[in-house]
Protein chains: 2
Amino acid sequence: MSLRQYEYALAIAEAGSVTAAAELLHVAQPSVSQQIRGLERELGVELFARTPTGLVPTVVGRAFLREAEVAVSASRRARATARAGAVELVGELVVAVQMGFGTRQLPGALGALRRRFPRLEVTVFEEPSSAELERLCRRGVLDLALMAACERSPADAHHLGDEEFVVVLAAGHRQLAADRVGLSELEGEPWVRFDRDSALDGVLLNVLRNNDPTPTTAARVSQTATAVRWAAQGLGVTLVPASAVPHGHEYLVRPVFPAVSQPVIAVVRPGAGPAETALLELLRKETWTESASFSPA
Amino acid sequence: MSLRQYEYALAIAEAGSVTAAAELLHVAQPSVSQQIRGLERELGVELFARTPTGLVPTVVGRAFLREAEVAVSASRRARATARAGAVELVGELVVAVQMGFGTRQLPGALGALRRRFPRLEVTVFEEPSSAELERLCRRGVLDLALMAACERSPADAHHLGDEEFVVVLAAGHRQLAADRVGLSELEGEPWVRFDRDSALDGVLLNVLRNNDPTPTTAARVSQTATAVRWAAQGLGVTLVPASAVPHGHEYLVRPVFPAVSQPVIAVVRPGAGPAETALLELLRKETWTESASFSPA
DNA sequence: GTACTCGTACTGACGAAGACTCATCGGCTC
DNA sequence: GAGCCGATGAGTCTTCGTCAGTACGAGTAC
């Protein structure tokens, strides 16, 4: 059950004889003969019929060779892929972002990464739960994660900047008149919250724990974009990272007072390769200072 | 570049550490360690990142593992196919028939074969040229062939019976009144002939060489069914094996005088296996004596 | 903070199995 | 009989496997 045996069998089928196959493979004839014999003994089937002029695949032999060819070509592809990865970057980079962090910065960084390594594919998992994020990162499925905090912050945690949280108010809400919204002013408001045990809901609860320990829950959603849209429709108010506000809703958004912000920390998996390092560098170069202003219309 | 290395790498990716992988594979830990190291050295790439808690695939490693999995599973399929072929018949039987021989007998025999070996597929090449037939048979692409004669008749030639040749006349042809048609009566008739150098055309020329050495050629076709149809339309007369006459045209068909018949010889390829032998036996059991009678309406 | 234990992967030495080569034999075709 | 084919046996060499021991990091007790 060695690839060599498959290659020898395929060579015999192609060349038509053991001798010719041995020449193709640059080995002596007995070697090929022995390998095929061993393969047939191991499988308990005659793969080739012996004729005076050479070897010819039997009915089962042909069926076997079809699969063997797949195996050999897949092996070649595997080797070629790995060798290509030695000079160029090839493969799939897996990234996870929590709480919609980097909504504005990620596309730019990923675009630059793709321009530099065209054969590198990138997959982004959005909004995984904190526990799952930890697990994925530990297990090595994740190459890079953007998160707010890491209880057991490893050596490979890099502080990229801070993300300011803002409230989204319904159209016509009276607090839209102010430049900043005091958290105490929102007491009693219904809230568009996030999935239980999600990091976003944790931030919201933490922020409200002084003014409104048991906030009224209007709805729970997974995506920040959905929360903004529902809040705009008047379902309630919500609290999201500033960069997660979709275009067209800026006029419903206000910073809060006292200011709420979370660090954006990039965690690179242990044993990071050039792809992870490159993406980290590109993310660093992005601008993380909150420059967009949300003022009354 | 061994399948074992692929399996080891996949086991490490699945188990998460060399030790656990070694346990899965029922080998000692250093063995797995050495194999992976050898693989990485050979490929010149780091497939796994070493962490204190185990090994984790890198970006290139994941791309490599995807292909490696294809190779390993194809290898398993190949082995399973061959082993299945040891107890049951699995694969594709390739059959060639010349001059439409066995048009009436083949379906029955192939049906019985399929009932006995459900996983055996059969492909039939019809009407190959004599030279190509010989070549296919020699090269081992063919498992069984039905032909009229084999100049270098091998030991594996089996005489199944004889095929009588009949003429097909145009509707309303005066010779339809007779039970048999004398070849001399057809002198000067235009003929629907067959492809140059085909066995069917050879039979026709051989039959006519005394009465009409240079027959008028109305048309040349490849298929006997086409020849019958065209003859029925009045394009000319033709000479085909009796079993090749399609249903509905029997009333235009007459035996010739003196009788023309060709032996039907089944040639089994050297090193024939159970599939070939079984089909040969089934063909023997079919009735090859010409029982259909073509009489004036 | 230090020391200890535990788990991890790596290294080297040695034995066993397998692959390769050479020379030779038997069968068949021409 | 010459020439080609595959099969076989003996000898050499590479490779894979195991066992021992080493090195490194994480977690824990003090």
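So that the names make sense, note that chain A is the first sequence line, chain B the second, and so on, each numbered from 1. These numbers come from a predicted model, not from an experiment.
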J.: What residues form a ring pair (Phe, Tyr, Trp, His ring centres under 6.0 Å) with B/Tyr6, not counting sequence neighbours?
T.: B/Phe64

J.: Just how large is the angle between the end axes of the helix from C/dG1-D/dC30 to C/dC30-D/dG1, five pairs per end, to 10 degrees?
T.: 30°

J.: Is the side chain of B/Ser73 donor-acceptor paired with the backbone N or O of B/Val70 at a distance under 3.5 Å, no angle test?
T.: yes

J.: Do NZ/NE/NH1/NH2 and the carboxylate oxygens of B/Arg76 and A/Glu67 come within less than 4.0 Å?
T.: no

J.: Classify the side-chain pair A/Thr53/A/Thr51 by whether it contains a donor and acceptor separated by less than 3.5 Å.
T.: yes

J.: Would B/Asp143 and A/Val59 count as a side chain to side chain contact (heavy atoms under 4.5 Å, CB included) here? Give the steps.
T.: CA-CA 8 Å; B/Asp143 298 311; A/Val59 173; 3.9 Å; yes

J.: One thing to verify: whether B/Arg284 and B/Glu281 come together as a salt bridge, which I'm taking to mean a side-chain N less than 4.0 angstrom from a carboxylate O.
T.: yes

J.: Using a heavy-atom distance cut-off of less than 4.0 Å, which residues of residues 25-35 of chain A contact DNA chain D?
T.: A/Gln29, A/Pro30, A/Ser33, A/Gln34

J.: Report the distance from atom CD of B/Gln5 to atom C1' of D/dC16, rounded to the nearest whole Å.
T.: 11 Å

J.: Run the numbers on B/Tyr8 and B/Ile36 for side chain to side chain contact (heavy atoms under 4.5 Å, CB included), then give the verdict.
T.: CA-CA 7 Å; B/Tyr8 282 20; B/Ile36 292 303; 4.3 Å; yes

J.: Looking only at side-chain N and O atoms, does B/Arg50 come under 4.0 Å of OP1 or OP2 in C/dC10?
T.: yes

J.: Rounding to a whole Å, what distance do you find between B/Tyr8:OH and D/dT15:P?
T.: 16 Å

J.: What is the distance from CD of A/Glu42 to P of C/dA19, rounded to the nearest Å?
T.: 10 Å

J.: Does B/Arg4 place a side-chain N or O at less than 4.0 Å from the phosphate oxygens OP1/OP2 of D/dC16?
T.: no

J.: In whole angstrom, what separates B/Leu47's CG from C/dA9's P?
T.: 15 Å

J.: Is it true that atom CD of B/Gln29 has more than 12 heavy atoms of other residues, nucleotides or ligands lying nearer than 6.0 Å?
T.: yes

J.: Is the phosphate of D/dG6 approached by A/Ser17 (side-chain N or O, under 4.0 Å from OP1 or OP2)?
T.: yes

J.: Roughly, in whole Å, what's the span from CD1 in B/Ile12 to P in C/dT8?
T.: 13 Å

J.: Without decimals, in angstroms, what is the distance between A/Leu3 CG and C/dA19 P?
T.: 13 Å

J.: May I ask you to test the B/Leu146-B/Ile265 pair for a side-chain heavy-atom distance under 4.5 Å?
T.: no

J.: What is the nucleic acid contact for B/Phe48, judged by heavy atoms within less than 4.0 Å: base, sugar-phosphate only, or nothing?
T.: nothing

J.: In whole angstrom, give the distance that lies between atom CG of B/Leu55 and atom C1' of C/dC10.
T.: 11 Å

J.: Please give, in whole Å, the distance from C/dA19 P to A/Ile36 CD1?
T.: 12 Å

